[in-house]
Amino acid sequence: MKIAKRLEAFDAYLGTAMNVILTRMKDEGKDVINLGLGDPDVQPPEEQRQALADACMDVDHHHYPSFYSPMPFKEAIAGWYRRRFNVTCDPESEVLTLLGSADGLFHIHTCLLDHGDIALVPDPCYPAYVAGVKIAGGEIETVPLKKENGFLPDLDAIKPDVAQKAKMIWVNYPNNPTAAVATEEFYLNLIDWAHQYNVAVISDNPYSEVCFDDYRALSFLQFDGAKEVGIEFNSLSKAYNACGWRTGMMLGNKDIIAGMAKIKSHSDRGMFYPLQVAATEALNGSTDFMIERNRMYQKRRDVVVNGLLEMGLDLQTPRATFYVWADIPKGFKDSKEFCFKVLDEIAVWMIPGSMYGTYGEGFFRIALTHPAERLAEAMQRLGKFLC
Ligand SMILES: Cc1ncc(COP(=O)(O)O)c(C=O)c1O
């Protein structure tokens, strides 16, 4: 079969190969603790699951949905951003619904990049950005996220001739995989910089509602001038514990929204109506459940952070996301050697930082999507392995 050459430019999503290995280990009877997967082990609140079930029973809800989505869901998205971030977006022209933010993350490159155009991509980063640029035929200029800069991009370090040519820059705070958060000052500088060089800012914000210690995540769109230069993706996946629903959104710049709507009118037939109904109800409803949910993640975070600190590892206590990002212990060649040795010897899987890019080397990521007792068990095994 003559498969396109462009498929050689990127790897399959990093979870795909590991799932095969971990499933085989489980089949062999090993008690594997998979700290790799960023999929909440908790469910959407009962009333939202009920709304979905009820909406499925409506005979009118099984047709092709409108790919521009009926207004109630878009209005609910705009309302959520207004209440949560004080951001005003016109539901008709400045909001688009997505089949999970991954849908938008993928198509945004086709929307913005012509063959050979430059995209500024952070390193380490969520791997879909890299694959998306390559599939669209764009060129990646790496923007290193360094520990000494709080894992924020150093915009001054981007050469002016590269900035001049670049079409887009990815930012993702709270960040996966580093769990870093952005400051107001960072967004203000970013917006000035994007205006100066005419670069579209693509902000990926799916962890905005998973925050600890009274920290409240910011939105790129809450700052003046943001809508002129960019958009933001968000999603019900992590905010509402609903990864499987594939309900996402993008808000902001009208031209980008119109371009994406045009692409999506061909690439999908819109979101299943019952999901639109349930997601609308969720966004319009109470967010009280998030308080308890975040307390739960915070307790888990403390189990892992304290465990790793006791082992002498270096890390920043995360203020958001359900990830912990830490330096690998001394004595290992690199993050892959460390994580695969840990997997082989104590059946705990953590993701090597290098799987998120060159600048992820030297780190590893743990996801807090397991009960505290299970995380404690993983820390105990790791502590024994390292001593
Ligand atoms: C940074 C980041 N962006 C986007 C996504 C995709 O989220 P969704 O479920 O909305 O497609 C994830 C999922 O883990 C993520 O970590």
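In each ligand, atom 1 is the first atom listed, and ligand 1 is the first ligand listed.
Protein heavy atom at the shortest distance from atom 2 (C) of ligand 1 is D204 OD2, 3.3 Å. Looking from atom 7 (O) of ligand 1 to the surrounding protein, the closest heavy atom is S101 OG, 3.3 Å. Nearest protein heavy-atom neighbour of atom 14 (O) of ligand 1: K238 NZ, 2.7 Å. The protein heavy atom nearest to atom 9 (O) of ligand 1 is S237 OG, 2.6 Å.
Atom numbering of ligand 1 starts at 1 in the shown order; those under 4.0 Å from a heavy atom of R246 are 8 (P), 9 (O), 11 (O). Atoms of ligand 1 found under 4.0 Å from any heavy atom of N172 (numbered from 1 in listed order, with element): 1 (C). Residue-ligand proximity, G100 to ligand 1, at heavy-atom distances under 4.0 Å covers atoms 10 (O), 11 (O). Of all atoms in ligand 1, numbered sequentially from 1 with element shown, those under 4.0 Å from a heavy atom of S235 are 8 (P), 10 (O). Near L105, the atoms of ligand 1 lying under 4.0 angstrom from a non-hydrogen atom of the residue are 3 (N), 4 (C).
Ring geometry for Y129 versus Y126: interplanar angle over 60°, hence perpendicular rather than tilted (30 to 60°). Using cut-offs of 30° and 60° on the angle between ring planes, the pair W170 and H109 is tilted. Below 30°, between 30° and 60°, or above 60°: for Y187 and F220 the angle between ring planes is between 30° and 60°, a tilted geometry.
Of the options F106, Y126, W245, the smallest heavy-atom separation from atom 6 (C) of ligand 1 is shown by Y126.
For A102, heavy-atom contacts with ligand 1 shorter than 4.0 Å involve the backbone as well as the side chain. Counting heavy atoms closer than 4.0 Å to ligand 1, residue D103 contributes nothing at all. Neither the backbone nor the side chain of F233 has a heavy atom within less than 4.0 Å of ligand 1.
In this structure, D213 pairs ionically with R301, as a charged nitrogen and a carboxylate oxygen lie closer than 4.0 Å. A salt bridge is absent between D31 and K26: the closest approach of a Lys/Arg side-chain nitrogen to an acidic carboxylate oxygen does not fall below 4.0 angstrom. Looking at R300 and D41, a side-chain N of the basic residue comes within less than 4.0 Å of a carboxylate O on the acidic one, giving a salt bridge.
For ligand 1, one of its N or O atoms has an N or O atom of N176 under 3.5 Å away.
Between L120 and V143, the shortest heavy-atom distance links the atoms CB-CG2, 3.8 Å.
Using 4.0 Å as the threshold, C243 has no heavy atom nearer than that to any atom of ligand 1.
Exactly one of F332, F338, W349 qualifies for a ring-ring contact (aromatic ring centres under 6.0 Å, His included) with F364. That residue is F338. The side-chain contact (heavy atoms from CB on, under 4.5 Å) test with Y207 singles out one residue from V181, N175, T321, N234, and that residue is T321.
Here the side chains of L113 and V133 are in contact, with some heavy-atom distance below 4.5 Å.
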